Engineer: 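Before I ask anything, here is the structure I am working with.
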Amino acid sequence: MIEYRTFQNSDPPKVQALWRECQLGRGAVDGVPCDAFEALNFGQPYFDRQGVILACQGPRAVGFVHAGFGASFDQSDLDRTQGVICAVLVHPDFRRQGIGRSLIARAEDYLRRHGAVDLFAGPAEPRDPFFFGLYGGSQPAGFLESDPDAAPFFPAVGYEPLEKHAVYQRDLGRTSDPVSLRLMNIRRSTQLAIAHQRQSVSWWWITRFGRLDSVRFQLIPKGSSEPVAGVTVLGLDLYLQKWQERTIGLAELTVVEPHRRQGYGQALVLEVCRRMREELVTRVEAHTPELHPAMPNLLASSGFTRVDTGVVYRRKPD
């Protein structure tokens with residue numbers, strides 16, 4: 001008989017075991033220690049044990065769902081009108097018994113009772129309170145297509161695709177840097193600088209990016225102190241066992257408005273890749289919304305290849 005209950009302090013090892021047994025595909029860490037779950041999920045300041053529901057057969061967890069909320073517009077608090085299913089797992093031996101559907105129904109009830117008006121499935125900015133660094137790679141991007149059970153499950157329980165995020169990677173050992181006159185001129189006239197701490201970060205940023213090793217690279221014209229572009233580099237050490245190579249993630253790529261569409265973004269990405277190659281990093285990952293007007297072309301022209309797609313789902317109106 002399956003019993004459904006909310007999270008207890010003794011549950012992290014059970015969740016860890018279930019995570020390992022479910023084989024979630026390339027975008028989920030393997031061999032993750034319990035303290036990583038504690039730090040990145042259960043230790044968050046907004047963690048609510050009522051939002052974590054386990055399906056148990058005796059002492060064993062055979063299913064799990066984790067629900068939370070997105071961020072407010074200024075990223076200073078939660079926006080409880082936006083509820084999100086961040087993860088749902090059912091052990092392979094217990095599937096097609098209605099457990100996943102029951103977990104989703106219980107998570108939706110929790111979210112609605114706490115104010116959710118819109119319900120989403122698949123964490124992605126700005127609705128990514130949990131699993132940052134554990135699922136998705138450089139940052140959550142919905143449920144990945146490489147996670148084979150997600151795509152058929154969510155439409156079956158009343159969700160439809162809302163948005164897609166493209167996952168790109170670059171093998172630093174096998175791809176050469178593109179060359180152009182514009183890139184050569186930018187490289188001669190700028191320098192790469194490191195800002196170990198961002199000058200201004202939001203509460204929401206600290207709860208997610210702030211829990212991973214990160215550094216901010218900036219591209220600064222020589223003779224100036226004002227950057228024209230910047231990007232955050234994230235250490236993805238938790239993926240070392242899964243991918244068997246040193247990988248970093250790129251996020252928050254920005255170019256100052258007067259300098260956009262002039263090659264500075266591409267130049268910055270290439271300079272960071274060169275620096276990472278010197279640090280013996282062998283792979284770089286970056287995400288972008290599939291419909292972003294510039295990022296897919298920028299990454300492709302910088303030697304990146306699309307390796308996966310993340311899908312965010314939205315609950316259909318009743």
Side-chain angles (χ1 to χ4, degrees), residues 16 19 24-44 86 123-125 128-141 144 146 165-175 192-219 227 229-254 265 268-288 295 299 302-305 307-308 310:
Q16 177 198 35
W19 181 275
L24 299 177
R26 58 155 296 281
V29 298
D30 273 349
V32 58
C34 283
D35 59 0
F37 272 100
E38 293 280 2
L40 299 171
N41 285 343
F42 310 138
Q44 293 286 19
C86 296
E125 192 174 11
D128 54 348
F130 301 108
F131 295 94
F132 202 108
L134 295 172
Y135 183 91
S138 56
Q139 61 189 104
L144 298 175
S146 58
H165 296 259
V167 180
Y168 287 84
Q169 288 188 349
R170 182 181 177 194
D171 184 341
L172 295 183
R174 295 186 178 182
T175 55
L192 191 66
I194 299 176
H196 289 282
Q197 293 182 349
R198 290 170 56 115
Q199 293 181 348
S200 176
V201 295
S202 67
W203 168 80
W204 188 246
W205 190 95
I206 292 171
T207 65
R208 295 148 55 258
F209 287 97
R211 290 181 179 266
L212 300 178
D213 290 334
S214 68
V215 64
R216 184 77 176 170
F217 281 88
Q218 298 176 330
L219 197 64
V231 68
T232 298
V233 174
L234 298 166
L236 301 182
D237 293 342
L238 290 175
Y239 282 88
L240 183 60
Q241 180 173 331
K242 183 64 169 281
W243 294 342
Q244 292 296 300
E245 57 183 329
R246 290 191 64 197
T247 308
I248 59 97
L250 301 182
E252 302 181 305
L253 176 63
T254 58
L268 173 60
V269 168
L270 293 174
E271 286 301 316
V272 169
C273 287
R274 291 189 188 100
R275 178 68 62 88
M276 292 299 100
R277 188 184 289 116
E278 293 172 358
E279 299 294 331
L280 302 183
V281 171
T282 56
R283 188 169 297 273
V284 180
E285 180 172 293
H287 294 192
T288 178
M295 278 295 292
L299 292 171
S302 300
F304 286 73
T305 302
V307 298
D308 210 340

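This structure is a prediction, so every number in the text was calculated from the model and none was measured. Computation of the quantities below employed the complete heavy-atom set of this structure, encompassing side-chain atoms and omitting hydrogens, waters and symmetry-equivalent molecules.
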Engineer: Would you please classify the geometry between the Phe37 ring and the Phe131 ring as parallel, tilted or perpendicular, with 30° and 60° separating the classes?
Structural biologist: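 Perpendicular, since the angle between the ring planes exceeds 60°.
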Engineer: Closest approach of Cys86 and Pro123, non-hydrogen atoms and distance?
Structural biologist: O-CD, 3.5 Å
Engineer: What distance do Gln244 atom CD and Asp30 atom CG have between them, rounded to the nearest 0.5 Å?
Structural biologist: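 Between atom CD of Gln244 and atom CG of Asp30 there are 10.0 Å.
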Engineer: Answer whether the closest heavy-atom distance between the side chains of Arg170 and Val269 falls below 4.5 Å.
Structural biologist: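 Arg170 vs Val269: side chains apart.
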Engineer: With the side chain counted from C-beta on, respond yes when Arg274 and Leu192 share a heavy-atom pair under 4.5 Å apart, and no when they do not.
Structural biologist: no
Engineer: Between Val201 and Phe209, does the side-chain contact (heavy atoms from CB on, under 4.5 Å) criterion hold? Intermediate values first, please.
Structural biologist: CA-CA 10 Å; Val201 295; Phe209 287 97; over 6 Å; no
Engineer: Could you walk me through whether Phe217 and Arg275 satisfy the side-chain contact (heavy atoms from CB on, under 4.5 Å) test, starting with their C-alpha distance in whole Å, then the side-chain angles of each, then the deciding distance to 0.1 Å, before giving a yes or no?
Structural biologist: CA-CA 10 Å; Phe217 281 88; Arg275 178 68 62 88; 4.0 Å; yes
Engineer: Mind running side-chain contact (heavy atoms from CB on, under 4.5 Å) on Leu212 and Leu40 for me, showing each step along the way?
Structural biologist: CA-CA 9 Å; Leu212 300 178; Leu40 299 171; 4.0 Å; yes
Engineer: Quick check: closest heavy atoms across Val281 and Leu172, and the distance to 0.1 Å?
Structural biologist: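 Minimum heavy-atom contact is O-CD1, 3.3 Å.
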Engineer: Check whether Tyr239 reaches the backbone of Ser138 with its side chain - one donor and one acceptor, N or O, closer than 3.5 Å.
Structural biologist: no
Engineer: If you define the side chain from C-beta out and look only at heavy atoms, does anything of Trp19 sit under 4.5 Å from Val29?
Structural biologist: yes
Engineer: Has the side chain of Asp308 got a donor or acceptor atom that lies under 3.5 Å from a matching backbone atom of Ser146?
Structural biologist: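 Yes; judged by distance alone, with no hydrogens or angles, the pair exists.
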Engineer: Work out which heavy atom in Ala251 is nearest to a heavy atom in Arg216; give both atom names and the distance.
Structural biologist: O-NH1, 4.2 Å
Engineer: Is any side-chain heavy atom of Leu250 closer than 4.5 Å to a side-chain heavy atom of Val233?
Structural biologist: yes
Engineer: Starting at CG of Asp171, measure out to SG of Cys273 and round the result to the nearest 0.5 Å.
Structural biologist: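 Going from CG on Asp171 over to SG on Cys273, the span is 11.0 Å.
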Engineer: Counting distance only, does the side-chain N/O of Lys242 pair as donor-acceptor with the main-chain N or O of Ala28 below 3.5 Å?
Structural biologist: yes
Engineer: Determine whether a donor-acceptor pair (N or O, by modelled atom type, separation under 3.5 Å) exists between the side chain of Thr282 and the backbone of Arg246.
Structural biologist: yes
Engineer: Would you name the heavy atoms of Leu134 and Ala36 that are closest together and state the gap between them?
Structural biologist: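 Closest approach of Leu134 to Ala36, heavy atoms only: CD2-CB, 4.4 Å.
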Engineer: Can you name the nearest heavy-atom pair linking His287 to Gly136, along with the distance?
Structural biologist: CE1-O, 2.8 Å
Engineer: Under 3.5 Å, side chain of Gln169 to main-chain N/O of Arg283, donor-acceptor pair present?
Structural biologist: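 Judged by distance alone, no pair lies under 3.5 Å.
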Engineer: For atom CG of Asp35, is the number of surrounding heavy atoms from other residues, nucleotides or ligands below 6.0 Å larger than 12?
Structural biologist: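 Count over threshold, so yes.
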Engineer: Would you call Trp204 and Thr207 a side-chain contact if the rule is heavy atoms closer than 4.5 Å?
Structural biologist: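 Of all side-chain heavy-atom pairs linking Thr207 with Trp204, at least one is under 4.5 Å.
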Engineer: So, for Ser214 and Thr232, which heavy atoms are closest and what is the spacing to 0.1 Å?
Structural biologist: CB-CG2, 4.1 Å
Engineer: Salt-bridged, Arg208 to Glu252, with N to O below 4.0 Å?
Structural biologist: no
Engineer: Applying side-chain contact (heavy atoms from CB on, under 4.5 Å) to Tyr168 and Thr305, what does each step give before you reach the verdict?
Structural biologist: CA-CA 5 Å; Tyr168 287 84; Thr305 302; 5.8 Å; no
Engineer: Within the distance-only criterion (no hydrogens, no angle test), does the side chain of Gln16 pair as donor or acceptor with the backbone N or O of Val32 below 3.5 angstrom?
Structural biologist: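 Side chain of Gln16 to backbone of Val32: a pair is present.
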Engineer: Does a side-chain heavy-atom distance below 4.5 Å link Pro129 with Gln44?
Structural biologist: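 When only atoms from C-beta onward are counted, Gln44 and Pro129 do not touch, as no gap falls below 4.5 Å.
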